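Heads up: the structure comes next, in structure tokens.
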There are 2 protein chains.
Amino acid sequence: MPNNQFKKGELYSFMTGKASTAIARRLQKNFKQAGIDITVEQWSVLYHLWKADGMNQQDLCNATFRDKPSITRLVDNLEKLALVKRNASKQDRRMNIIAITEEGRELEEKCMEIANTTLNEALEGVTNGQIEIAKEVLQTVYDNLK
Amino acid sequence: MPNNQFKKGELYSFMTGKASTAIARRLQKNFKQAGIDITVEQWSVLYHLWKADGMNQQDLCNATFRDKPSITRLVDNLEKLALVKRNASKQDRRMNIIAITEEGRELEEKCMEIANTTLNEALEGVTNGQIEIAKEVLQTVYDNLK
DNA sequence: TTTGTTTAGTTGCATAAACAACTGTATGCC
DNA sequence: GGCATACAGTTGTTTATGCAACTAAACAAA
């Protein structure tokens, strides 16, 4: 049991997600300062759509690790902001295909720049090698629990 | 600028805290299954009090990375559950010294066992060396942003 | 003393989350 | 076809969260 050796107390930062909470808040603040009026939750949905436009809501649930009602409401709000649009699928009429609008697309570059800046603030003093390992760990955790 | 080299897309898991969200949910579920009726938020407060009883609410804010109203309400609820007790400080009458009750103390062992089990589920396949590095990274992020 | 500032904690309000129950569509089996 | 089941998405309710405004005590300067 290799994982039983490290001390309980030290593991706290893993469990509570202090670090990721901190990043999310900083990102929120930086968006606001840049005059971009979206929440980090909305950003996380847009992020996936920028990568792969045309996902359905269930895909977004899986990608963002959120439940269906949350995605329904996030998409509601993004639609109100005219950043995405629901299109009924012709193959399967149960599904909504979520498409980025022109306005949504225009936010991409600026948002990504802010995200990168935020990340650089957060990761100051961390080497690329350490980041690689941390990413692997987080990915494994995610895979183990999903 | 060593941190500008890694690719944007790969950094997503850092920003959204998917992994820590996943751990928190699994922990919640495991508490529930064990018949322990506390939330992970409540657990995170208890965790710090088990380590160092007699913190005030501001200390708990810093330790848990939550704001004052959140701690006020978490302590309200923990008091209702009779797991902690507010004692007015005699040195500084603005402060509440939060003390673990007998009942709160009794939960410690079982909760820690569940937390460890959850963590072992989450970290299956991850080596101690990797965990050490991930912890360092998270701590640095936290320190950079706080 | 008194006046202003900082700090600890609380309350109110608007928003978001988790969970369960629901609608409507698709799929599989007889 | 007819029926049961599974799946995509929505709605409702309860509870938690974030932000701002507030109270009260401590501290500091005059």
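Chain A is the first sequence line, chain B the second, and so forth, proteins listed ahead of strands; every chain is numbered from 1. The figures here come from the full heavy-atom set of this structure, side chains too, leaving out hydrogens, waters and symmetry mates. The model shown is predicted, which means the values in this text are computed figures rather than measured ones.
- B:Asp76 has a carboxylate O that lies under 4.0 Å from a charged side-chain N of B:Arg86, or vice versa, which qualifies the two as a salt bridge.
- Between A:Arg25 and D:dG18 there is a side-chain polar atom (N or O) within less than 4.0 angstrom of OP1 or OP2.
- A salt bridge links A:Glu121 with A:Arg26: the distance from a Lys NZ or Arg NE/NH1/NH2 to an Asp or Glu carboxylate oxygen falls below 4.0 Å.
- When the C1' atom of C:dT7 is taken as reference, atom CG of B:Asn62 falls 12 Å away, rounded to whole Å.
- A salt bridge is defined here as a Lys NZ or Arg NE, NH1 or NH2 lying under 4.0 Å from an Asp or Glu carboxylate O, and A:Arg105 with A:Glu102 fails to meet this definition.
- The distance between atom CD of B:Gln28 and atom C1' of C:dA18, rounded to the nearest whole Å, is 10 Å.
- With DNA chain C read from its 5' end, the first of the two nearest nucleotides for A:Ser70 and A:Arg93 is the one closest to A:Ser70.
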- Query: Tell me, for nucleotides 5-16 of chain D in 5' to 3' order, what letter each nucleotide earns: B for a base near a protein heavy atom under 4.0 Å, S for only sugar-phosphate near one, - for neither?
  - Reply: --BBBBBB----
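- The separation between A:Lys29 atom NZ and D:dG18 atom P is 15 Å, rounded to whole Å.
- A:Lys32 is linked by a side chain to side chain contact (heavy atoms under 4.5 Å, CB included) to nothing, counting only residues two or more places apart in sequence or in another chain.
- In this structure, A:Ile38 atom CD1 and C:dT15 atom P are separated by 17 Å, rounded to whole Å.
- The number of heavy atoms from other shown groups lying within 6.0 Å of CD (A:Gln33) is above 12.
- To the nearest angstrom, P of C:dA8 lies 14 Å from CD of B:Gln91.
- Looking at heavy atoms from C-beta onward, A:Arg25 lies out of side-chain contact with A:Ile23 at the 4.5 angstrom threshold.
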